[in-house]
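Below: one structure, written as structure tokens.
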There are 2 protein chains.
Amino acid sequence: MTVTSLHDPSHREALWELEAAFDRGDLVSVFGRCTVSYEGRAASDLGTGDRLLLLKPDGAALVHTDEGRQPVNWQPPGSEHRAAVREGRLRVVSTRTTPDETLTVRFSDVHELSAMPVTGGRDLAIHGTEEDLRTRILERPDLIESGFEPRETERPSSAGPMDVFGVDADGNPVVVELKRRRVGPDAVGQLARYVRALREELGVDEERDDPLDSDGDDAAADAAEIDGDDTAADADAIDLEVRGVLVAPSITDRAAERLADRGFDHVALEPAPEE
Amino acid sequence: MTVTSLHDPSHREALWELEAAFDRGDLVSVFGRCTVSYEGRAASDLGTGDRLLLLKPDGAALVHTDEGRQPVNWQPPGSEHRAAVREGRLRVVSTRTTPDETLTVRFSDVHELSAMPVTGGRDLAIHGTEEDLRTRILERPDLIESGFEPRETERPSSAGPMDVFGVDADGNPVVVELKRRRVGPDAVGQLARYVRALREELGVDEERDDPLDSDGDDAAADAAEIDGDDTAADADAIDLEVRGVLVAPSITDRAAERLADRGFDHVALEPAPEE
DNA sequence: TGGTTCATCTCGAGG
DNA sequence: CCTCGAGGTGAACCA
């Protein structure tokens, strides 16, 4: 474990160490007084100030100030770092293509430069994700509703893959959209696209009336069908209906409105059982 | 400008310097062998490895490996950092509330610890944003279409503020949604919500048929009206129609389909004139 | 490569 | 505080 660190190096010294560190594949941190400019998907300029520049061996570059989780400027992994001394300043340039982007950091003073060999240990085990939520539902489908049977996950459709596809107790197709946390109206739109795609695919025309303008009376009909015994299922067998279920811990008021408009249901569920 | 740097400090030395740096409001970087665990909105664990921990005076904490633009673990600004020596390890804990989240980094070895006073220079001037796109359109409304007149920006609606609201040459209300880069179907959904909200607000029932199911014949009618001379505008004056225009450099095929379904238009435009 | 969606998204504005 | 939408979103996955 060899950490190289230079205090107030000259630009020449800093340049040497930078290039040596690039060759070693070290993670480099440069702290100093600098300006930053970016040109690519957008363009930006940042005036003089003391900032920390991180240069990763995978090509990522991060400029951090004293505030914020996000770097004030950056370059994505896959970029190429180069350094030079120009006009009395240490210039670090990070470039990449597709899209063409360039980040330029010009140091008038380097206060400290460190090179660190960062090895392994990148395997992060994370829990409480949307995937956990899906697993939970597949193991206990009754959490959606009594009689629900999952049939497929990531089922393809013309609107993209739906999270969970299944059937309810009456045999109606059910599209389930999963969200690991509280959601807004966008999630309802997403669910609606899947339902719509499936209706088209199955040839369910929903008697041509507007699913957007439906006031929930379809949902009421569903409830009646579910509550009623299946002996009543005479002509309904052909006239099946595609239902939409949004699973999320909670939803915003606007999302609830849109859900009701579409005649969809909300099931309150967390990615993991509450402790 | 006083940068403090410790090479292979003892845990006690590191602890002292950490707390002094917290008091000074310095940006602290700790490079060493550690494990990381997080518990909050989700939960995660990261095994032993050499990583760089950044602790910002605003409460942000970042754990970086040798790869990726993103920190492998982090804590947002507003958190509180604390350090202690426990069980022969240097333990750094960063906590915050709403939501309750805790990041714990346990160092078995500290290879290097630096404390840096990062001052000012956070004002980033960025160009090529959606705001630039709006400015460009307000200065040259004909870029949308001939005869377009912007009336309001950020016009409120029940679906949220629409980017630009105006009228076309025939007096039809036009909702313009701006995107600074290539967009997918979600943007069409957003535009549709604004148009729908405006139709409801203006009492334009669109003869009760489904805007989702419209196959673009409305758009054809529009074109006829625009192309035709206005002498033909007899009964149309009362029956005005709310139009939707999506402004973006380009759109995906699926987005184009959804645009056509709704009878909306796409205008190809960049945030800034191409050089 | 592009298309689509998730994310401990982050961040800022507005009610 | 919540809600909403932008972002140089980033990152994963799949066709």
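Residue numbers begin at 1 in each chain, while the letters A, B, ... track the order of the sequences. Heavy-atom basis, side chains included; hydrogens, waters and symmetry copies ignored.
- Only A:Q190, A:R193, listed by number, bring a heavy atom of residues 183-193 of chain A to less than 4.0 angstrom from any atom of DNA chain C.
- Spacing between D:dA6 and D:dG10 at atom C1', rounded to whole Å, works out to 14 Å.
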Output one line per pair: protein atom, nucleotide atom from nucleotides 7-11 of chain C, and distance, for all N/O pairs under 3.5 Å.
from   : atom 1 : to     : atom 2 : distance (Å)
C:dA7  : OP1    : A:E130 : N      : 3.2
C:dT8  : O2     : B:Y38  : OH     : 3.2
C:dT8  : O2     : B:R41  : NH2    : 2.7
C:dT8  : O2     : B:E101 : OE2    : 3.1
C:dT8  : O4     : B:N73  : ND2    : 2.5
C:dT8  : O4     : B:W74  : N      : 3.3
C:dC9  : OP1    : A:R181 : NH1    : 2.7
C:dC9  : OP2    : A:R180 : NH1    : 2.6
C:dT10 : OP1    : B:R41  : NH2    : 3.0
C:dT10 : OP1    : B:W74  : NE1    : 3.0
C:dT10 : OP2    : B:R41  : NH1    : 2.9
C:dC11 : OP1    : A:R69  : N      : 2.8
C:dC11 : OP1    : A:Q70  : N      : 3.0

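- Between the A:K56 side chain and the B:T65 main chain, a donor and an acceptor come within less than 3.5 Å of each other.
- Rounded to a whole Å, the CG atom of A:L62 is 14 Å from the C1' atom of D:dT9.
- Here the side chain of B:D26 pairs no donor or acceptor atom with the backbone of B:V28 at under 3.5 angstrom.
- For the salt bridge (Lys or Arg N to Asp or Glu O under 4.0 Å) condition, the pairs that include at least one residue of residues 63-77 of chain A, sequence neighbours left out, are A:D66-B:R122, A:E67-B:R122.
- For B:T48, the side-chain contact (heavy atoms from CB on, under 4.5 Å) partners at least two apart in sequence or on another chain are B:R33, B:T35.
- Look at B:E201 and B:R155 and you find a salt bridge, because one of the NZ, NE, NH1 or NH2 atoms lies within 4.0 Å of a carboxylate O, short of that distance.
- Partners of A:E154 according to the side chain to side chain donor-acceptor pair (under 3.5 Å) rule, which considers only residues two or more places apart in sequence or in another chain, are A:R134.
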Enumerate all atom pairs, one protein N or O and one N or O from nucleotides 12-15 of chain D, separated by less than 3.5 Å.
none

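- Annotation: side-chain contact (heavy atoms from CB on, under 4.5 Å) contacts of A:A43 (sequence neighbours excluded): A:E39, B:H127.
- D:dC4 atom P lies 16 Å from atom CD of B:E154, rounded to whole Å.
- Under the rule for a ring-ring contact (aromatic ring centres under 6.0 Å, His included), A:F107 has no partner lying at least two apart in sequence or in another chain.
- Atom pair B:R258:CZ and C:dG3:C1' shows a separation of 14 Å (rounding to whole Å applied).
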Within the sub-3.5 Å range, which N or O atoms of nucleotides 12-14 of chain C have a protein N or O partner, and how far apart are they?
none

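- Applying the ring-ring contact (aromatic ring centres under 6.0 Å, His included) test to B:F22 and every residue at least two apart in sequence or in another chain returns B:H81.
- Taking only side-chain nitrogens and oxygens, A:T98 comes nearer than 4.0 Å to OP1 or OP2 of C:dT1.
- Every residue two or more places apart in sequence or in another chain that forms a side-chain contact (heavy atoms from CB on, under 4.5 Å) with A:T129 is listed here: A:I126, A:E131, A:D132.
- Counting only Watson-Crick or G-U wobble pairs whose defining distances are both under 3.5 Å, the stems of 3 or more consecutive pairs in DNA chain D are C:1-7 with D:9-15, C:9-15 with D:1-7.
- Counting any heavy atom pair closer than 4.0 Å across all strands shown, A:A159 reaches sugar-phosphate atoms only and no base atom.
- As rounded to whole Å, 15 Å separates atom C1' of D:dC2 from atom CD1 of A:I251.
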